[in-house]
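Counting convention: from 1, in listed order, for ligands and their atoms alike.
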Amino acid sequence: MPIRVGVVGAAGRMGREVCAAVVGADDLELVAAVDAHASIDSVEGLSIHGDLRVLADAGAHVVVDFTVASAARLTLPWLALHGIHAVVGTTGFGADDLDLFRSTFVASNCLVASNFAISAVLMMRFAELAAPYFDSAEIIELHHNAKIDAPSGTAVTTAQRMAAASSRWAPDPTTHELYPGARGGEGPAGIRVHSLRIHGMVAHQEVILGTAGQTLTIRQDSYDRSSYMPGVLLACRGIAEHPGFTLGLDAFMGV
Ligand code: NAD
């Protein structure tokens, strides 16, 4: 029996991509589409509704949410109340939100993942594994020129995980910066993060690590929104097996 999937934010850029990916998967069935401010009437042949109730009426097992944090704060408790699993790509939650989701999802499960690109999840894991073997490391994140925040959430998470994996980093030798900011922003454990905003790019990151006579460069590239879909489908298939609340796709990938 296929897994019945509903999508909230179904008229958005990510939501439409998710609907198409679900329809293209043999073991999943798209049963409901919700969007509060839809500029289109239907997606993949399904009418788009403004009310969450359609998700329960359609018997959704899993609901994928790609909206905004303020909307997801209302949607997620509703899904928990109705015993529906949640796969959440929406970004912008604080620690309090995550604590609330952790306590709310009891009868059904919830995954919140700020990056569904499998290559990005692996890049972060590899950087974390490599960290103890090197004494210098810097992160370069490269994004499209419409991104207004810096550094990216993925760069922040990468730096945090590398800092947690090793505290033995060499001090920054810089004593004079001709252009302020030339050495990037100082992240946890002094790991420098450089944010590039380049027209034509999507989402990319390099982690460069070095020690005596050798360097390691780990690079990840998301070329378009399709890069997130294998991770979203993996989450829809695995959510029933991960009780309660999970943060990050890593646990679903077993890495
Ligand atoms: P978008 O603006 O194209 O789509 C968001 C959709 O949510 C819109 O159609 C909007 O009408 C709808 N929406 C807003 N409030 C709603 C509500 N109360 N109920 C139902 N629908 C509502 O944005 P996007 O590019 O699709 O991104 C959506 C989210 O996904 C953002 O938070 C973004 O940061 C995040 N994102 C996450 C990943 C990841 O891998 N986790 C990747 C890309 C984007």
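Within the listing of ligand 1, atoms 9 (O) sit less than 4.0 angstrom from a heavy atom of Ala11. Those atoms of ligand 1 with a heavy atom of Thr90 less than 4.0 angstrom away are 32 (O). Listed by number with element, the atoms of ligand 1 under 4.0 angstrom from any heavy atom of Thr91 are 32 (O), 33 (C), 34 (O). Of all the atoms in ligand 1, the ones that sit under 4.0 Å from a non-hydrogen atom of Val8 are 20 (C).
Here the heavy atom of the protein found nearest to atom 19 (N) of ligand 1 is Ala36 CB, 3.4 Å. In this structure, the protein non-hydrogen atom closest to atom 15 (N) of ligand 1 is Ala71 CB, 3.6 Å. Summary of contacts: the protein heavy atom closest to atom 9 (O) of ligand 1 is Asp35 OD2, 2.6 Å. Nearest protein heavy-atom neighbour of atom 14 (C) of ligand 1: His37 CD2, 3.7 Å. Of all protein heavy atoms, the one closest to atom 40 (O) of ligand 1 is Phe116 N, 2.8 Å. Shortest contact from atom 30 (O) of ligand 1 to any protein heavy atom: Phe66 CD2, 3.2 Å. For atom 36 (N) of ligand 1, the nearest protein heavy atom (residue, atom name, distance) is Gly89 O, 3.8 Å. Of the protein's heavy atoms, Gly12 CA, 3.2 Å lies nearest to atom 4 (O) of ligand 1.
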Can you give the donor-acceptor pairs under 3.5 Å from side chains of residues 244-255 to other protein atoms, not counting sequence neighbours?
from	atom 1	to	atom 2	distance (Å)
Asp250	OD2	Arg161	NH1	3.0
Asp250	OD2	Arg161	NH2	3.2

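Donor-acceptor pairing under 3.5 Å is recorded for the side chains of Gln205 and Thr158. Of the N and O atoms on the side chains of His242 and Asn109, not one donor lies less than 3.5 Å from an acceptor on the other residue.
Under the 4.0 angstrom criterion for non-hydrogen atoms, Gly92 is not in contact with ligand 1.
Using a 4.0 Å cut-off between charged side-chain N and carboxylate O, Arg16 and Glu44 make no salt bridge. Taking a cutoff of 4.0 Å between a charged side-chain nitrogen and a carboxylate oxygen, Arg225 and Glu17 do not qualify as a salt bridge. Salt-bridge formation is not detected for the pair Asp135/Arg168: no Lys NZ or Arg NE/NH1/NH2 atom is positioned less than 4.0 Å from an Asp or Glu carboxylate oxygen.
Residue contacts with ligand 1, taken as heavy atom pairs separated by less than 4.0 Å, do not involve Ala10 at all. Contacts between Tyr228 and ligand 1 below 4.0 angstrom, taking non-hydrogen atoms only, involve the side chain exclusively. Using a 4.0 Å cut-off between heavy atoms, Ala113 contacts ligand 1 through its backbone alone, with no side-chain atom that close.
Remark: of the listed residues Arg197, Arg219, Arg192, Lys147, Arg197 is the sole one forming a salt bridge (Lys or Arg N to Asp or Glu O under 4.0 Å) with Glu141.
When ring centroids are compared, Tyr228 and Phe66 stay outside the 6.0 Å threshold.
In this comparison of Met229, Arg13, Met14, Arg73, the heavy atom closest to atom 1 (P) of ligand 1 sits on Arg13.
In terms of heavy-atom proximity, Arg102 sits nearest to Asp99 at NH1-OD1, 3.0 Å.
Leu100 and Leu79 fall into different hydrophobic clusters, where Ile, Leu, Val, Met, Phe, Trp and Tyr are joined by side-chain heavy atoms under 4.5 Å apart, directly or via other members. There is a path of hydrophobic side-chain contacts, each under 4.5 Å, that joins Ile118 to Leu111.
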